[in-house]
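Read through the structure below, which is laid out as structure tokens, and then see the notes.
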Amino acid sequence: MLNIILIGPPGSGKGTQAQQISQKYHLKHLSTGDILRQEVKNQTPLGLQAKAIMDRGQLVSDEIVINMIKNFIEETKNTNGFLYDGFPRTVAQAEALHKMLMQKKQGINAVLFMNAPDYIFIERLQKRAELEGRSDDADIQVIKKRLTEYYEKTFPVKEYYEKHHTKAFYVINAAQEIKKVFEDICKIIDRL
Ligand code: AP5
């Protein structure tokens, strides 16, 4: 059972790479952003609560996200493993995941840190706003808020894994073209 985490700022290419990785290695793609957007679309109580927070570029509460993840993992049967995209995003979420995996006698095989300068992320998200119209990409102030949230709350998660899972921690050059980023990631997964 593989457990692989993709961590990086908004626009670093987590979702893009996650789709290709999960397909190639038959992993269950677990994107907390996608799950939340589906809740918003279905106008569930959780979705209605989450929408305002997401549209401001802030993080949804740990309690909501951790419960969502627990349900997702419990409901998923017959898989080679999980690819976590956009989770964990706070140290509390990382600790909760650690506990869940310990209970299942599993560990984290790789943490892939998507690294590139911020201006690249901003350019990509502004371009996506024109193409796909995702509501949290439309306003530059919201994009900046997402980056601020990332540096305040998620960058410490990167440091947590660098410290506690040093051998499983890999830095990916996310500024390259999509195909090249994928090749670099495959070289790492193939060695796991
Ligand atoms: P989420 O959906 O996770 O959004 P995000 O982290 O802001 O990430 P993005 O989807 O914007 O970027 P990405 O890194 O996946 O890049 P992508 O591949 O899409 O979260 C949305 C919101 O939900 C959060 O703000 C928060 O409110 C809430 N949330 C989610 N998880 C949470 C959690 N765990 N806790 C609390 N709240 C949570 O690519 C972006 C664009 O760039 C695309 O157009 C793509 O085609 C392009 N692109 C990708 N790679 C390349 C490349 N190498 N070269 C050129 N273009 C590229």
Side-chain angles (χ1 to χ4, degrees), residues 5-23 29-41 46-73 82-97 100 112-158 160 172-186:
I5 295 172
L6 275 169
I7 188 167
S12 57
K14 303 180 297 292
T16 304
Q17 296 299 326
Q19 280 182 11
Q20 299 191 37
I21 301 166
S22 54
Q23 223 174 6
H29 176 193
L30 198 167
S31 159
T32 39
D34 285 350
I35 300 173
L36 286 166
R37 275 186 290 279
Q38 194 57 46
E39 297 280 341
V40 172
K41 200 173 160 197
L46 166 59
L48 294 174
Q49 200 186 336
K51 184 174 175 11
I53 300 168
M54 292 166 80
D55 282 349
R56 285 198 298 268
Q58 294 171 330
L59 293 188
V60 173
S61 81
D62 285 337
E63 195 192 351
I64 288 179
V65 173
I66 291 166
N67 280 330
M68 239 168 56
I69 290 286
K70 273 188 190 155
N71 293 339
F72 189 97
I73 294 177
F82 290 91
L83 181 65
Y84 302 90
D85 157 15
F87 176 89
R89 245 175 159 103
T90 63
V91 173
Q93 292 179 18
E95 286 169 347
L97 178 64
M100 279 182 247
L112 308 173
F113 171 58
M114 306 289 279
N115 192 39
D118 284 355
Y119 77 90
I120 289 191
F121 308 138
I122 293 173
E123 275 175 14
R124 285 181 190 168
L125 296 179
Q126 287 185 313
K127 195 167 156 197
R128 185 172 63 183
E130 288 166 22
L131 297 174
E132 295 175 26
R134 212 174 100 172
S135 61
D136 58 348
D137 289 339
D139 181 342
I140 182 68
Q141 296 310 327
V142 175
I143 292 179
K144 286 187 177 164
K145 178 66 189 167
R146 282 156 68 197
L147 277 169
T148 306
E149 287 279 270
Y150 168 78
Y151 284 110
E152 280 177 7
K153 297 175 183 164
T154 310
F155 196 75
V157 179
K158 175 235 174 208
Y160 168 95
I172 306 296
N173 177 0
Q176 307 173 95
E177 62 179 270
I178 292 172
K179 188 167 167 276
K180 185 69 182 64
V181 176
F182 184 57
E183 280 170 13
D184 287 358
I185 290 175
C186 290

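All ligand and atom numbering here is 1-based and tracks the order in the structure.
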Which value, rounded to the nearest 0.5 Å, describes the distance between [X] atom [atom1] and [Y] atom [atom2]?
X: Glu39; Y: Ile64; atom1: CD; atom2: CD1; answer: 9.5 Å
X: Ile69; Y: Asp62; atom1: CD1; atom2: CG; answer: 11.5 Å
X: Ile5; Y: Asp85; atom1: CD1; atom2: CG; answer: 11.5 Å
X: Lys127; Y: Glu132; atom1: NZ; atom2: CD; answer: 11.0 Å
X: Gln93; Y: Ser61; atom1: CD; atom2: OG; answer: 9.0 Å

Salt-bridge criterion met for Asp137 and Arg146 (N-O under 4.0 Å)
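Result for this pair is yes, salt bridge flagged.
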Measuring from the heavy atoms of [X], does anything fall under 4.0 Å of ligand 1?
X: Leu125; value: yes
X: Glu149; value: no
X: Gly11; value: yes
X: Gly8; value: no
X: Ser61; value: no

Say whether [X], considering both its backbone and side-chain N or O atoms, lies within less than 3.5 Å of an N or O atom on ligand 1.
X: Asp136; answer: no
X: Leu59; answer: no
X: Phe87; answer: no
X: Ser31; answer: no
X: Val65; answer: no

Ring pair (Phe, Tyr, Trp, His ring centres under 6.0 Å) against Phe113, all qualifying residues, sequence neighbours excluded
none
List the closest protein heavy-atom neighbour of [atom]: residue, atom name, distance to the nearest 0.1 Å.
atom: atom 46 (O) of ligand 1; value: Thr16 OG1, 4.1 Å
atom: atom 16 (O) of ligand 1; value: Gly13 N, 3.1 Å
atom: atom 7 (O) of ligand 1; value: Arg146 NH2, 2.9 Å
atom: atom 15 (O) of ligand 1; value: Gly15 N, 2.9 Å
atom: atom 53 (N) of ligand 1; value: Gln176 O, 2.9 Å
atom: atom 35 (N) of ligand 1; value: Gln93 NE2, 3.0 Å

Taking only heavy atoms of [X] into account, list the atoms of ligand 1 that are under 4.0 Å away from them.
X: Gly33; result: 1 (P), 2 (O), 20 (O), 30 (C), 31 (N)
X: Pro9; result: 14 (O)
X: Ser12; result: 14 (O), 16 (O)

Can a donor-acceptor pair be found, under 3.5 Å and without considering hydrogens, that links the side chain of Thr154 to the backbone of Arg89?
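Side chain of Thr154 to backbone of Arg89: a pair is present.
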Suppose we screen for side-chain hydrogen bond (donor to acceptor under 3.5 Å, both in side chains). Which residues come up paired with Asp184, at least two apart in sequence or across chains?
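Result, side-chain hydrogen bond (donor to acceptor under 3.5 Å, both in side chains) vs Asp184: Gln176, Lys180.
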Any side-chain heavy atom of Lys14 sitting closer than 4.5 Å to one from Ile7?
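No, too far: nothing below the 4.5 Å cut-off.
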Would you say the side chain of Asp136 lies within less than 4.5 Å of the side chain of Ile143, judging by non-hydrogen atoms?
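They are not in side-chain contact.
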Can you tell which part of Arg37 has a heavy atom less than 4.0 Å from ligand 1: side chain, backbone, both or neither?
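Side chain only; the backbone of Arg37 stays clear of ligand 1.
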Candidate with minimal heavy-atom separation from [atom], of [options]:
atom: atom 29 (N) of ligand 1; options: Val60, Leu36, Thr32, Ile64; answer: Leu36
atom: atom 20 (O) of ligand 1; options: Arg89, Lys14, Arg128; answer: Arg89
atom: atom 25 (O) of ligand 1; options: Gln17, Gln58, Arg124; answer: Gln58
atom: atom 23 (O) of ligand 1; options: Gln19, Met54, Arg134; answer: Met54

Would you please say whether a donor-acceptor pair under 3.5 Å links the side chains of Asp118 and Tyr150?
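Distance-only check fails for Asp118 and Tyr150.
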Take Glu183 and Lys179 through the salt bridge (Lys or Arg N to Asp or Glu O under 4.0 Å) test and state the conclusion after the steps.
CA-CA 6 Å; Glu183 280 170 13; Lys179 188 167 167 276; 3.5 Å; yes
Among Thr32, Thr90, Leu59, which one satisfies side chain to side chain contact (heavy atoms under 4.5 Å, CB included) with Val65?
Thr32
